[in-house]
Amino acid sequence: MSMEYEEQLAGSLVDSFPKDFGYGVENMDMMQENLENSPSADNKPRILLMGLRRSGKSSIQKVVFHKMSPNETLFLESTNKIYKDDISGSSFVNFHIWDFPGQVDFFDPTFDYEMIFRGTGALIFVIDAQDDYVEALGRLHLTVSRAFRVNPEINFEVFIHKVDGLSDDHKIETQRDIHQRANDDLADASLEKLHLSFYLTSIYDHSIFEAFSKVVQKLIPQLPTLENLLNIFISNSGIEKAFLFDVVSKIYIATDSSPVDMQSYELCCDMIDVVIDVSCIYGLKDDSNSNAYDKESLAIIKLNNTTVLYLKEVTKFLALVCILREESFERKGLIDYNFHCFRKAIHEVFEVSSSSTQRTGAAVQSSPPSSSGNGLARLKSAALNGTPRSLV
Ligand SMILES: Nc1nc2c(ncn2[C@@H]2O[C@H](COP(=O)(O)OP(=O)(O)OP(=O)(O)O)[C@@H](O)[C@H]2O)c(=O)[nH]1
């Protein structure tokens, strides 16, 4: 079985990867040198955060990528200029997020929206669901129609945000209404080809991480290969669900093809918090070079409902988190062997993709989170400001 498994994994690596996005791999030193000399080193894909004033754009960015606790966002000041955030220093996901001030004036000659939209992978438009959203819908239409004309390849994502203040019925009704009106506006403008995806989000639960995961996944050209590897891994190991997580942001960059249920995702996010917290408190060595998340990172949590959570390091940025039944965990040797093959395959996937991005000069993840730099600081702050939920 194991040989077959390796063959299947190898087979699935034959896919060729589009070369426009770059992601993290582990043997980075050589690559970093090349990149520093590369003129296009800063040519990273862009995710734009747009929406009316106070809709929650900066909060989303701070909570997801800077581990700010949701309550602290109450004190965020209004953004007055475009804030460019390069989150690639400590995360697998290698892109820029541009947070726009509430009112972007497309008619302002100093605002070169063509240049901005041309290099954009995804445009997230945030609508405050607790407010009257008529004005926001008008703005959404103006923004996406302009962007679409400049670059029809952009993924248009609408976050119906702050839904923590809404009842379940109200949430569904708001989503239906916004969906209907936004698409009617597009149909009136003969823009039926422009596809909008909608998400109900809040920074006070995991919905914002889940939505961001889906946005980011659409930008990962290797996604089908990753899903394929995860499917093969879980079916040969008796595992029920597996997520490949970016540890710092807790975005899952891929999962197997069985449906994602929110509780499983939350459980896995919480496990990452626990592992990093415990590692920060008890796992760091005295020298300042040690890292809270490293090659040795591994955790097994047995729940009282015969479920086992299993976390293992895959790369400097990625962890595999699995949910399985206790009886399947009895074959831990098999799971570990299959994991070994899976890990090897993941490394090959990103080595192939990074060597192809190097050849084309596109951006790749250049600096792993050094213990003294951003990475550890963020992991440490993750430990201090983990998500506001306790273990489910
Ligand atoms: N209830 C609730 N409040 C939120 C949520 N997200 C953000 N907020 C609050 O919304 C307010 C505005 O958030 P910001 O992130 O500053 O909004 P912004 O869109 O960046 O605003 P500008 O910089 O003015 O464009 C803050 O008080 C946040 O605490 C959410 O999911 N739920």
Side-chain angles (χ1 to χ4, degrees), residues 46-87 96-108 110-111 113 116 120 122-144 146-147 156-175 178 182 197-216 249-251 262 265-266 269 381 385-389:
R46 232 174 262 151
I47 296 182
L48 307 185
L49 272 169
M50 298 180 120
L52 294 188
R53 279 203 183 285
R54 312 304 288 159
S55 53
K57 303 177 289 298
S58 308
S59 310
I60 292 174
Q61 191 211 1
K62 298 279 186 218
V63 168
V64 176
F65 294 106
H66 297 278
K67 303 296 154 206
M68 183 179 269
S69 90
N71 289 330
E72 281 176 62
T73 64
L74 289 167
F75 309 107
L76 281 178
E77 284 183 13
S78 207
T79 316
N80 295 319
K81 55 180 183 151
I82 299 174
Y83 175 70
K84 297 176 191 173
D85 188 15
D86 178 358
I87 55 139
H96 281 149
I97 296 192
W98 287 21
D99 180 7
F100 280 73
Q103 312 297 11
V104 170
D105 183 1
F106 289 107
F107 301 101
D108 180 345
T110 59
F111 179 63
Y113 66 87
I116 290 171
T120 294
L123 189 159
I124 299 174
F125 194 93
V126 184
I127 297 181
D128 181 346
Q130 293 187 11
D131 201 8
D132 177 16
Y133 47 77
V134 175
E135 190 191 344
L137 282 171
R139 201 75 206 168
L140 167 70
H141 182 73
L142 181 68
T143 309
V144 297
R146 293 242 166 187
F156 294 100
E157 321 280 3
V158 182
F159 284 7
I160 303 170
H161 192 52
K162 306 193 190 178
V163 291
D164 46 278
L166 274 51
S167 68
D168 283 350
D169 287 348
H170 197 173
K171 273 185 210 172
I172 310 248
E173 175 53 28
T174 307
Q175 180 171 17
I178 290 180
S197 305
F198 295 88
Y199 308 83
L200 292 167
T201 56
S202 163
I203 53 169
Y204 288 95
D205 58 30
H206 290 80
S207 57
I208 193 63
F209 294 91
E210 226 228 332
F212 234 106
S213 301
K214 293 193 173 142
V215 170
V216 167
S249 63
K250 282 184 284 161
I251 280 177
M262 194 62 177
Y265 173 63
E266 288 180 11
C269 281
S381 69
N385 297 323
T387 46
R389 295 290 197 78

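Ligands are counted one by one from 1 in listed order, and the atoms in each one are counted from 1 as well.
An N or O contact shorter than 3.5 Å links Asp164 to ligand 1 by distance. In terms of polar-atom proximity, Ile203 is counted as a contact of ligand 1, with an N or O under 3.5 Å from an N or O of the ligand. Checked by distance only, ligand 1 and Leu76 stay at 3.5 Å or farther apart across all their nitrogen or oxygen atoms. The distance criterion of under 3.5 Å between nitrogen or oxygen atoms is met by Lys162 with respect to ligand 1.
Taking 4.0 Å as the cut-off, Ser55 counts as a neighbour of ligand 1 on heavy-atom distance. The shell of residues lying under 4.0 angstrom from ligand 1, judged by heavy atoms, includes Gln130.
Taking 4.5 Å as the limit, every side-chain heavy atom of Thr201 sits out of range of all side-chain heavy atoms of Phe212. Contact of the Asp128 side chain with the Arg54 side chain is not registered, since no non-hydrogen atoms from C-beta on lie closer than 4.5 Å. The side-chain heavy atoms of Ser59 and Leu76, taken from C-beta on, include a pair separated by under 4.5 Å.
At least one donor-acceptor pair closer than 3.5 Å links the side chain of Lys57 to the backbone N or O of Leu52.
Remark: among candidates Thr73, Asp205, Leu49, the nearest residue to atom 28 (C) of ligand 1 is Thr73, based on non-hydrogen atoms.
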Should His170 and Val163 be marked as a side-chain contact (heavy atoms from CB on, under 4.5 Å) after you check the CA-CA gap, both sets of side-chain angles, and the distance that decides it? CA-CA 9 Å; His170 197 173; Val163 291; over 6 Å; no
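For Ser69 and Asn71, the side-chain atoms include no donor-acceptor pair closer than 3.5 Å.
Interface atoms of ligand 1 facing Leu74, defined by a heavy-atom separation under 4.0 Å, are 27 (O), 29 (O). For ligand 1 and Ser202, the ligand atoms under 4.0 Å from any heavy atom of the residue are 31 (O).
Pairing each heavy atom of Phe209 with each of Val64, the nearest pair is CE2-CA, 3.9 Å.
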